[in-house]
Amino acid sequence: MNVLVLSASKHGSTDEIAQAIGDLIASHGIETIVMSVDDIYDIDYYDAIVLGSAVYAGHWLKSARRFVDEHAEALASKPVWLFSSGPIGTPPHPSGNDAVDVSSIMKKINARDHWVFAGKLDKSKLNFTERAVILAVRAHEGDFRNWKEIHAWATTIARQLIKEFPRSTI
Ligand SMILES: Cc1cc2nc3c(=O)[nH]c(=O)nc-3n(C[C@H](O)[C@H](O)[C@H](O)COP(=O)(O)O)c2cc1C
């Protein structure tokens, strides 16, 4: 069995979440590849997909949305899990599924789950416009990613895959 973990990221923190998810799934003996959504052309080879995007202004990044549109049919035929990374602060804001609405994406590809993880804000990496937005909404700088929660979510995916795919195919 081959699992593909894809991410769309502007400043790298969502890519790091994808890598942690991929490492966790691989630690269960499952062949796992982690990649940017910009670098993948063909998903036929993969048996299951995990796809995540950073959230900006309440939306997934365009590259993630475009990937879903271009591969909708193939995605709908495989087990797919989605995650978003965005909320900032303690407690993270916006909370839970208020951060982004991916219900139409979930429906289109019949995704199994969508999880929102807290994100990371490093003002030194932002461009002028991004800084202005952050200033206006008074967002707090910091790394709010909850690695325990990320590992727990990835573990549930690995367990489901092991249950559904016979050991000989892993
Ligand atoms: C200009 C700007 C707008 C943002 N808008 C949102 C938003 O609407 N909802 C949200 O949950 N997070 C928002 N965030 C927080 C980012 O999603 C968070 O920093 C995320 O971890 C960035 O991921 P990346 O490093 O992979 O690009 C915003 C951040 C910036 C800089």
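All heavy atoms count here, side chains included; hydrogens, waters and symmetry mates do not. Quick caveat: nothing in here was measured; it's all calculated off a predicted structure. We count ligands from 1, going down the list as the structure has it; atoms in each ligand are counted the same way.
Residue-ligand proximity, K10 to ligand 1, at heavy-atom distances under 4.0 Å covers atoms 24 (P), 26 (O), 27 (O).
Taking any N or O of E130, backbone or side chain, none lies under 3.5 Å from an N or O belonging to ligand 1. On a distance-only criterion, A57 and ligand 1 share at least one N/O pair closer than 3.5 Å.
Neither the backbone nor the side chain of T129 comes within 4.0 Å of ligand 1, counting heavy atoms alone. Residue contacts with ligand 1, taken as heavy atom pairs separated by less than 4.0 Å, do not involve S84 at all. For L126, every heavy-atom contact with ligand 1 shorter than 4.0 Å involves the side chain, none the backbone.
With G119, S9, S95 as candidates, the residue nearest to atom 26 (O) of ligand 1 on a non-hydrogen basis is S9. Residue K120 holds the heavy atom nearest to atom 20 (C) of ligand 1 of all those in H93, K120, E16. When G58, A136, G12, A99 are checked for heavy-atom proximity to atom 8 (O) of ligand 1, G58 turns out nearest. For the residues T14, D143, V55, the heavy atom positioned nearest atom 13 (C) of ligand 1 is part of V55.
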Carefully, step by step, assess L24 and I150 under the rule side-chain contact (heavy atoms from CB on, under 4.5 Å).
-> CA-CA 9 Å; L24 201 295; I150 291 163; over 6 Å; no
Start with the C-alpha gap between Q19 and D23, add the side-chain angles, then the distance that decides, and say whether side-chain hydrogen bond (donor to acceptor under 3.5 Å, both in side chains) holds.
-> CA-CA 6 Å; Q19 189 63 55; D23 289 348; 3.0 Å; yes
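Side-chain polar atoms of S84 and W60 form a donor-acceptor pair below 3.5 angstrom.
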Enumerate, atom names and distances included, each donor-acceptor pair closer than 3.5 Å involving a side-chain atom of residues 138-147, sequence neighbours excluded.
{"from": "E141", "atom 1": "OE2", "to": "K123", "atom 2": "N", "distance (Å)": "2.6"}
{"from": "D143", "atom 1": "OD1", "to": "R145", "atom 2": "N", "distance (Å)": "3.2"}
{"from": "D143", "atom 1": "OD1", "to": "R145", "atom 2": "NE", "distance (Å)": "2.8"}
{"from": "D143", "atom 1": "OD2", "to": "R145", "atom 2": "NH2", "distance (Å)": "2.7"}
{"from": "R145", "atom 1": "NH1", "to": "S13", "atom 2": "O", "distance (Å)": "3.1"}
{"from": "R145", "atom 1": "NH1", "to": "E16", "atom 2": "OE1", "distance (Å)": "2.7"}
{"from": "R145", "atom 1": "NH2", "to": "E16", "atom 2": "OE1", "distance (Å)": "3.1"}
{"from": "N146", "atom 1": "OD1", "to": "K148", "atom 2": "N", "distance (Å)": "3.2"}
{"from": "N146", "atom 1": "OD1", "to": "E149", "atom 2": "N", "distance (Å)": "3.0"}

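The side-chain heavy atoms of H11 and L126, taken from C-beta on, include a pair separated by under 4.5 Å.
Ion pairing of K108 with E70 is absent here, as no side-chain N (NZ or NE/NH1/NH2) approaches a carboxylate O to less than 4.0 Å.
Here the heavy atom of the protein found nearest to atom 30 (C) of ligand 1 is Y56 CE2, 3.5 Å.
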